[in-house]
Every structure is written in structure tokens, then in C-alpha cells.
Amino acid sequence: MLSDRQQQILELAKRAGRVAVDDLAGRYAVSVQTIRKDLNELCDQRLLARIHGGAVLSSGVENVGYDARRMIAADEKAAIGRAVADLIPDRASLFVNIGTTTEAVAHALLRHGGLMVITNNINVVTAMRPYPEIELVIAGGVVRRSDGGIVGEAAVDFIRQFKVDFAVIGVSAIDPDGSLLDFDYREVRVAQAIISNARHVILAADSSKFERSAPVRIGHLNQVHTFVTDAAPAAIRQICRDADVRLIETEAAEAETAATAPAGVA
């Protein structure tokens with residue numbers, strides 16, 4: 001049985017994806033030790049998973065709401081989006097699947113010209129539709145109301161009609177062994193078709209995905225060509241080296257740029 005405060009903490013985590021000890025202590029006017037005890041009990045029941053300074057939703061069957069996911073690591077996702085966009089030339093064809101990080105990539109691609117973008121992501125279509133230099137092709141199928149993803153066998157069959165230059169894919173979680181995971185088997189089927197029908201696969205995922213789990217396996221990190229993240233654990237770096245996957249860590253790249261910039265240049 002959960003206390004009222006623990007139930008409220010769990011609901012906050014479901015909406016935002018994570019909770020912080022200091023924020024919760026202020027919210028409920030209790031000590032940080034009390035909040036840590038609440039979080040430990042929620043983690044003991046495998047409802048949350050502890051991270052430094054707080055906890056994240058550990059549900060293996062339910063994703064965080066789409067609007068809440070947009071807010072999680074928003075700055076990191078924007079940096080990842082810019083880094084991915086730098087890899088894609090004008091006049092390229094590409095797949096973009098559902099996800100808040102791939103949506104950030106779409107926004108970063110708006111200055112490109114001559115792109116052909118094939119997507120099962122209604123949010124990507126909304127972002128790119130006003131730009132005449134980008135040709136949009138949207139998959140048919142069942143619209144998932146929770147996030148605007150188009151899923152199902154019709155979407156899979158549609159994707160298989162194409163062979164594109166690049167695929168930009170997002171995932172819900174990345175296991176320490178390099179497994180790429182998601183919550184909806186219908187979306188997984190679409191993602192697998194996208195991977196199979198692109199010449200160069202770019203995985204775009206922020207570091208919060210290393211703290212999460214999901215029940216359905218898309219594939220493995222060794223199936224992608226380039227992995228763009230803000231920061232990767234040592235084990236993931238080793239997998240990338242062993243599989244000859246190019247790893248781009250935006251946090252390190254931005255730090256290096258700041259360190260080499262002339263004095264007075266932001």
C-alpha cells in the first residue's frame with residue numbers, strides 16, 4: 001500500500017518522467033530524508049528507479065506522456081537535433097520515426113533544401129509542412145492518439161516501398177547491452193522496417209534513455225551507423241567501438257567548442 005504522498009509522487013513521475021528529491025521536499029514541506037524514504041519504497045516496488053538526486057519512472061509497460069517527454073532533457077534534445085541535421089546534406093531522402101528527439105531533428109532540418117522526408121510522425125509533418133523546400137510523405141495506418149504516431153501493418157507496408165539515404169530513429173530505452181527498446185510492438189515493426197530500408201541509420205536519443213526500460217525489442221545498437229546523444233555511459237561507448245558505430249556526444253562537442261572559442265565569443 002502506498003501513502004497518499006507516495007501516490008502523488010508516482011503520478012508526478014508519470015506526468016514528467018522523473019522527480020527530484022529537493023523539489024519534492026519543498027513541495028510537501030518535509031525533509032529530504034523523508035522523500036528519500038518514499039522514493040526507496042517506490043523503487044522497492046519497482047514503480048520508480050533511483051537516479052542521482054531523484055528517481056525516474058521505471059514502468060516497463062507504459063510510456064511517459066508525449067507532452068511530458070518533450071520537456072524531459074529539452075535542451076539536450078535540441079542539441080542532438082542540430083548535430084543530426086549537420087549530418088544530412090541538402091537534397092537527401094530520409095525516414096523520420098515517432099519521438100520527441102526525432103521531432104527536434106525535424107525542427108533542426110527546416111533550413112535544408114530539397115529534402116524528401118518520409119515519416120509516421122504527425123508532429124514532424126506539422127513542423128515541416130509550411131516549408132516548400134521539403135517534400136513530405138506521410139505513412140498510412142492507425143493514428144496513435146497518445147503521440148500522433150502512425151503505426152500498424154499498413155504503415156510497415158508503406159515504409160517498405162522506399163529505399164532512402166538516411167533514417168533518423170528514436171527509441172524509448174537503451175539497455176546496457178545495447179538493445180534498443182520501445183513500448184508498442186506496432187511502432188517497433190515500423191522502426192524495424194525503417195532500419196531495413198535506409199542506407200545510413202542515425203539513432204538520436206538523449207541520455208535519459210539509458211535510465212529507462214521498455215518491453216519490446218527493436219534491435220541492437222550495432223544495427224545503426226551513427227549514434228547521436230548528449231552523453232553515453234562507458235559500456236555504450238565500448239559497444240559503439242566494437243561495432244564500428246560512429247558516436248557523437250553533443251555535451252562533449254559543445255564543451256570542446258567553448259574551450260577553443262576566442263575570448264569574448266559566446
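All residue numbers in this chain count up from 1 along the given sequence.
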Is a side-chain N or O of [X] found less than 3.5 angstrom from the main chain of [Y], in a donor-acceptor match?
X      : Y      : answer
Thr229 : Ala232 : no
Asp184 : Arg186 : yes
His107 : Gly81  : no
Thr126 : Ile122 : yes
Arg189 : Ala193 : no
His220 : Asp177 : yes

SB check Arg237 Glu249 (cutoff 4.0 Å): yes
Using 0.5 Å steps for rounding, measure from the CG atom of Asn222 to the SG atom of Cys240. 10.0 Å
Heavy-atom closest contact ([X] atom, [Y] atom, distance):
X      : Y      : value
Arg217 : Val188 : O-CG1, 3.5 Å
Arg212 : Ser172 : NH1-O, 3.4 Å
Arg18  : Val56  : CB-CG1, 3.7 Å
Phe166 : Pro89  : CE1-CD, 3.6 Å
Val124 : Glu103 : CG2-CA, 4.3 Å
Leu110 : Ala127 : CD2-O, 3.8 Å

If we ignore angles and hydrogens, is there a donor and acceptor under 3.5 Å between the side chains of [X] and [Y]?
X      : Y      : value
Ser207 : Asp230 : yes
Thr119 : Asn121 : no
Gln238 : Asp242 : yes
Asn197 : Gln161 : no

Identify the residue among Ile218, Ile150, Val151 that makes a side-chain contact (heavy atoms from CB on, under 4.5 Å) with Glu187. Val151
From the options Leu87, Val105, Asp86, select the one residue that forms a side-chain contact (heavy atoms from CB on, under 4.5 Å) with Val228. Leu87
